[in-house]
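As structure tokens, the structure follows; a few thoughts come after it.
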Amino acid sequence: MTTQQSLSVGIHDIAIATGHHVLELDDLAERLGVDPAKYHVGIGQDAFSVPAPDEDIVTMGAAAAKEVIDRHGVEGIRTVLFATESGVDQSKAAGVFVHGLLGLPKGVRVVELKQACYGGTAAVQLALGIVARAPHERVLVIAADVARYDVDTAAEPTQGAGAAAILVSADPDLIEIEPAAGVFTADVDDFWRPNDRSTALVDGRLSVSAYVDAFIGAWDDLAAQGGPAFGDIARFVHHQPFTKMAIKAHRKLTQHVGEPFDESELAIGFTYNKQTGNTYTASIWIGLAALLDLDDDLAGQRIAMFSYGSGSVGELMTGIVRPDHQQHRRVGRVQEVLGSRVRLTVDEYRALHAAGAATSEDVERPRVTAGPFRFAGVRGGARHYEAVAQD
Ligand code: COA
């Protein structure tokens, strides 16, 4: 019998995309007569992205995936996993539209995954398994969402939109994911979206306690699987429906394991999400992208990634950051993506929100997005997408 060297499998690249517009929470606070500190400090958010009428999860997901394909090509990609809470069709996977827009080879399997905000992490786990079995293959994971709640509800300031494309491969450039993971599931009605609604229903208070329970439960399960000690983890990055949620949960974990709580250690991972708002499945990966782009002390360090999807499923994964990961930083590109958004007034945002429900009625959408792909409209009941000529 020969001994096999263990295979390094993990995240090779991450790209992010978001909506064309942005609503500053200062503007919403002024309109609603709320102290802006409630948003900036109380929930820990500064702004949220709003899609243009010709944008959705497909256009944002394709934009993020295009960046990854432009950098690495399509060689070895035989699987595309698209995770979303805000799917555009009850049957066809959003990733099939992306496959067409990007001109990916026919020899590819595509499927969509759902479990609220957790689906992207399930997709990464499946991708890791595929690559472990076939190390010459690479898997393109796309996590994209539009977080929509009814206006004039407590959840309104915690909306958002965005996508992350994650390339999973052997011998990755960014992070080697460790085999042990902690998982947790509990049937709870903290957030859900019935099939006839385009906005989610949420019990905000319950979602905080359900998230904390899932984080502690996933931690205990990780420990039972032989995972690392708290002190052997340099950084944590969390799913961020609003960044204060991650702070509340992390404080509870430190109490659970009897370690001191240092809120400042979480701040870098919040940098991008404070601007995009909640991006559901993409949130944890946008948080990870911020950490990798902006934290100077990660090389060779272990980080823990906590994903939570209401309903509820939690998973805690760990990985070792590659010593030379800083050669692959994308901070300039992300600043461009966030900085080029067009600011909306509250009236403009609310008009877009009112028109934002999915429809199967035939409609042509106005040309607004500056992104590489657009949702052209519905024809004969089917959604049509097209590339946008770039300057
Ligand atoms: N300055 C600083 N902080 C302030 C403040 C001010 N002027 N006014 C209020 N706050 C704080 C509150 O003390 C509270 O902090 P705490 O939670 O640490 O006690 C926080 O701001 C929120 O205030 P609260 O009145 O509880 O908020 P709310 O009823 O408006 O709801 C959410 C807030 C987050 C619960 C709501 O936006 C929501 O449900 N969002 C969706 C959550 C979600 O996505 N869940 C599912 C995914 S996990």
Side-chain angles (χ1 to χ4, degrees), residues 23 25-26 28-49 83-86 114-122 143 145-162 184-194 197-218 237-255 261 263 266 270 273-274 276-287 305-316 353:
L23 183 77
L25 287 182
D26 282 343
L28 189 63
E30 189 182 345
R31 166 64 67 89
L32 299 179
V34 169
D35 179 354
K38 175 175 176 180
Y39 296 156
H40 297 298
V41 182
I43 65 171
Q45 292 298 128
D46 296 335
F48 64 76
S49 294
T84 187
E85 185 273 355
S86 37
K114 175 181 72 179
Q115 176 25 56
C117 307
Y118 165 71
T121 299
D145 268 303
V146 179
R148 275 167 55 83
Y149 299 101
D150 287 338
V151 298
D152 289 323
T153 62
E156 184 179 13
T158 62
Q159 297 177 103
F184 178 91
T185 291
D187 187 355
V188 50
D189 291 331
D190 60 327
F191 163 110
W192 67 104
R193 188 166 64 79
R197 289 185 63 98
S198 71
T199 50
L201 298 169
V202 60
D203 179 338
R205 295 271 148 203
L206 183 58
S207 78
V208 174
S209 62
Y211 183 118
V212 169
D213 289 348
F215 189 29
I216 304 290
V237 63
H238 310 73
H239 169 52
Q240 298 161 38
F242 49 99
T243 63
K244 187 76 171 286
M245 177 83 98
I247 294 171
K248 285 171 185 278
H250 203 72
R251 182 183 289 119
K252 283 281 191 242
L253 180 68
T254 56
Q255 289 164 358
F261 174 63
E263 186 177 323
L266 305 180
F270 295 162
N273 286 279
K274 275 175 176 269
T276 60
N278 194 358
T279 56
Y280 291 165
T281 54
S283 170
I284 171 87
W285 307 107
I286 293 176
M305 295 154 272
F306 176 64
S307 177
Y308 174 76
S310 291
S312 67
V313 178
E315 178 157 351
L316 185 59
H353 187 283

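Residue numbers count from 1 along this sequence. Just so you know, ligand 1 is whichever comes first in the structure, and atom 1 is the first atom listed for that ligand.
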- Could you tell me the separation between the CZ atom of Phe48 and the OG1 atom of Thr158, rounded to the nearest 0.5 Å? 8.5 Å
- Task: Can you sort out the partners of Asp189 under salt bridge (Lys or Arg N to Asp or Glu O under 4.0 Å), two or more places apart, ordered by chain and number?
- Result: none
- Sub-4.0 Å protein heavy atom next to atom 32 (C) of ligand 1: no
- Go through ligand 1 atom by atom and flag the ones less than 4.0 Å from a non-hydrogen atom of Tyr308. 48 (S)
- Task: Could you tell me whether some N/O pair between Met245 and ligand 1 is separated by less than 3.5 angstrom?
- Result: no
- Option whose closest heavy atom lies nearest to atom 22 (C) of ligand 1, chosen from Ile43, Ile247, Asp190: Ile43
- Message: Does ligand 1 come near enough to Lys38 that some N or O of the ligand is less than 3.5 Å from an N or O of the residue?
- Response: yes
- Decide, yes or no, whether a salt bridge links Arg193 with Glu85 under the criterion of side-chain N to carboxylate O below 4.0 Å. yes
- Item | Which residue and heavy atom of the protein sit nearest atom 40 (N) of ligand 1, plus the separation | Thr158 OG1, 3.1 Å
- Would one find an N or O of Tyr211, backbone or side chain, under 3.5 Å from an N or O of ligand 1? no
For residues 28-35, run the donor-acceptor check on the side chains, cut-off 3.5 Å, and write out each pair with its distance to 0.1 Å, sequence neighbours left out.
from, atom 1, to, atom 2, distance (Å)
Arg31, NH1, Asp347, OD1, 3.3
Arg31, NH2, Asp347, OD1, 2.8
Asp35, OD1, Ala37, N, 3.0

- Task: Check Ser310 against ligand 1 and report side chain, backbone, both or neither, counting heavy atoms closer than 4.0 Å.
- Result: side chain
- Task: Quick one: sort the Phe215 and Phe306 rings into parallel, tilted or perpendicular, breaks at 30° and 60°.
- Result: tilted
- Considering non-hydrogen atoms only, spot the tightest contact between Ala83 and Gly120 and give its length. CB-N, 3.3 Å
- Heavy-atom protein neighbour under 4.0 angstrom from atom 13 (O) of ligand 1: no
- Note on the structure: Within the 4.0 Å heavy-atom cut-off, what Ala155 brings close to ligand 1 is both
- Just go through Gly42, Ala29, Ser283 and tell me whose heavy atom is the nearest to atom 20 (C) of ligand 1. Gly42
- Item | Closest to atom 26 (O) of ligand 1 among Gln240, Lys248, Arg205 (heavy-atom distance) | Arg205
- Quick one: do Gln159 and His353 satisfy side chain to side chain donor-acceptor pair (under 3.5 Å)? Show the steps, please. CA-CA 11 Å; Gln159 297 177 103; His353 187 283; 3.2 Å; yes
- Task: Quick one: look at Ser207 and ligand 1, take heavy-atom pairs under 4.0 Å, and tell me if it's side chain, backbone, both or neither.
- Result: side chain
